[in-house]
Amino acid sequence: MSYADDIFIAMCKDILENGTDTKGQKVRPHWADGTQAYTIKKFGIVNRYDLRKEFPALTLRRTALKSAYDEILWIWQKKSNNIHDLHSHIWDAWADEDGSIGKAYGYQLGVKHRYKEGWMDQVDRVLYDLKNNPFSRRIMTNIYVHQDLYEMNLYPCAYSMTFNVTQEKGSDKLVLNAILNQRSQDVLTANNWNVAQYSLLLMMIAQCVDMVPGELVHVIADAHIYDRHVPLVKELISRTPGPAPKVWLTPDKRDFYSFTRDDLHVENYVTGPQMKDIPVAI
């Protein structure tokens, strides 16, 4: 059984049984038909995934790992805010007529900042510190930039990554760990998507700096299940989980900017049936 399935099932049960229902409250999201989209929410969910043990892919239903990886490359490698640089259509609802989502996500990671070592963006700063000062406690990114929020078509949900290096006793290899901070998450549509893509990011960076990918700690301030998703979630978590797939990146890649979506390799990913026509609140 995939450990990601165990975590997902326990989290969903906790939200449904112990969460707060926002029905009747003032909420921003709505359905395509204009109806307000209410949620059952839980505050402060913290999940841990150890990539040394297995890759955290949900088997209850298939997560589109290739598309998830493509999106993380779009944000972190291409540092793009334009959907025309993305192979999927998940951002279409938030793009303007030119394809831009505003000063959000990849745009913020591409902004150059001045450091003692010179001008660089947040991604290059992470790579620089991991190579030159791996035990620093200041290796992090943050794309929730208040001065630019009014020019973002969607405020960042997953907004911060903090990297931390450890070392196992008896090993010469350093271990790269990370905390993903997320202000809000639609659990049904996005939970394993985010877990998988930031796990792949952790794997990619670890490979570039010659470290072992370790723990991804996922912190969600507002983990919620939308009202129209409740029966879908109940059906999903009633399924029988399977074993985690084998997932790896092309092993000879060391340059962060040389990875492509074809460098993701997945074996033995057997899942339950896909859930079709899941409504998405906007």
Side-chain angles (χ1 to χ4, degrees), residues 1-12 45-77 87-88 90 130 158 161-166 168 171 173-182 185 187-220 223 236-237 239-254 256 259-275:
M1 178 185 294
S2 169
Y3 186 57
D5 290 314
D6 288 343
I7 291 177
F8 184 81
I9 291 170
M11 174 178 60
C12 289
I45 296 288
V46 180
N47 294 324
R48 307 180 78 103
Y49 306 89
D50 193 338
L51 305 187
R52 291 164 293 188
K53 296 179 179 178
E54 63 182 47
F55 186 84
L58 207 65
T59 71
L60 300 172
R61 69 179 176 110
R62 181 171 292 273
T63 296
L65 297 180
K66 209 80 163 180
S67 294
Y69 186 49
D70 182 59
E71 187 192 34
I72 211 69
L73 291 175
W74 178 62
I75 297 170
W76 278 74
Q77 189 195 69
H87 290 88
S88 65
I90 56 177
L130 288 174
M161 281 284 277
T162 303
F163 296 91
N164 190 275
V165 174
T166 56
E168 295 178 344
S171 174
K173 279 273 192 178
L174 298 179
V175 177
L176 180 62
N177 312 285
I179 296 174
L180 169 63
N181 277 296
Q182 193 154 359
Q185 186 177 74
V187 167
L188 177 61
T189 64
N191 180 261
N192 195 241
W193 176 275
N194 290 141
V195 170
Q197 66 183 171
Y198 282 91
S199 294
L200 290 168
L201 175 67
L202 183 59
M203 290 166 59
M204 184 166 60
I205 293 177
Q207 190 163 305
C208 292
V209 297
D210 195 27
M211 295 184 190
V212 175
E215 275 195 293
L216 175 70
V217 179
H218 190 195
V219 181
I220 314 169
L236 183 63
I237 63 177
R239 296 178 179 180
T240 301
K246 181 181 179 182
V247 177
W248 78 98
L249 300 172
T250 303
D252 60 351
K253 289 289 182 80
R254 292 292 183 270
F256 184 81
F259 284 88
T260 71
R261 59 204 303 267
D262 293 330
D263 289 310
L264 173 61
H265 307 277
V266 181
E267 282 186 359
N268 302 322
Y269 191 24
V270 180
T271 71
Q274 190 54 280
M275 308 186 84

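Just so it is clear, the model here is predicted, and its values are computed rather than measured.
Heavy-atom minimum distance, L249 versus L200: CD1-O, 4.1 Å. Looking at every heavy atom in both residues, T59 comes nearest to G242 through OG1-N, 2.7 Å. Considering all non-hydrogen atoms of both residues, Q197 and I72 come closest at O-CG1, 3.8 Å. For V217 against V46, the heavy-atom pair with the smallest separation is CG1-CG1, 3.9 Å. Residues Y198 and M161 share a closest heavy-atom pair of CD2-SD, 3.7 Å. In terms of heavy atoms, L202 sits closest to A178 at CD1-CB, 4.0 Å.
Side chains of Y49 and E215 form no contact here, defined as non-hydrogen atoms less than 4.5 Å apart.
Within 6.0 Å of OH in Y269 there are more than 12 heavy atoms belonging to other residues, nucleotides or ligands.
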How far apart are the C-alpha atoms of N47 and F8, what are their side-chain angles, what is the distance that settles it, and do they pass the side chain to side chain contact (heavy atoms under 4.5 Å, CB included) test?
CA-CA 9 Å; N47 294 324; F8 184 81; over 6 Å; no
Evaluate side chain to side chain contact (heavy atoms under 4.5 Å, CB included) for V165 paired with L130, printing each intermediate quantity in order.
CA-CA 8 Å; V165 174; L130 288 174; 3.8 Å; yes
Any chance you could lay out the side chain to side chain contact (heavy atoms under 4.5 Å, CB included) test for F163 and V209, step after step, and finish with the verdict?
CA-CA 13 Å; F163 296 91; V209 297; over 6 Å; no
Should K173 and D210 be marked as a side chain to side chain contact (heavy atoms under 4.5 Å, CB included) after you check the CA-CA gap, both sets of side-chain angles, and the distance that decides it?
CA-CA 8 Å; K173 279 273 192 178; D210 195 27; 2.4 Å; yes
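Between the side chains of S67 and H87, no donor-acceptor pair is found at a separation under 3.5 Å. Side-chain atoms of W193 and E71 form a donor-acceptor pair, as typed in the model, at a separation below 3.5 Å.
With hydrogens and angles disregarded, no donor-acceptor distance shorter than 3.5 Å links the side chain of T63 to the backbone of L65. In terms of modelled atom types and a separation under 3.5 Å, the side chain of K246 and the main chain of V266 share no donor-acceptor contact. Between the side chain of Q207 and the backbone N or O of T250, at least one donor-acceptor pair lies under 3.5 Å. In this structure, S2 contributes its side chain and A244 its backbone to no donor-acceptor pair below 3.5 Å. Although no hydrogens or angles enter the test, the distance criterion places a donor-acceptor pair under 3.5 Å between the side chain of K66 and the main chain of L264. Checking side-chain atoms of Q185 against main-chain N and O of I220 turns up no donor-acceptor pair under 3.5 Å. Under the 3.5 Å distance criterion, the side-chain polar atoms of D70 are left unmatched by any main-chain donor or acceptor of T260. Under a 3.5 Å cut-off, the side chain of N268 and the backbone N or O of P245 do not form any donor-acceptor pair.
For the atom pair CG of L174 and CG of L176, the computed distance is 9.5 Å after rounding to the nearest 0.5 Å.
With sequence neighbours left out, the side chain to side chain donor-acceptor pair (under 3.5 Å) criterion links T166 to N177. For E54, the side chain to side chain donor-acceptor pair (under 3.5 Å) test picks out no residue, with sequence neighbours left out.
Electrostatic pairing of R239 and D5 does not count as a salt bridge here, judged by no charged N lying under 4.0 Å from a carboxylate O. With respect to the salt-bridge test (charged N to carboxylate O, under 4.0 angstrom), the residues E168 and R52 qualify.
Ring-plane geometry between W248 and H265 is classed as parallel, the angle between the planes falling under 30 degrees on a 0 to 90 degree scale with a further cut at 60.
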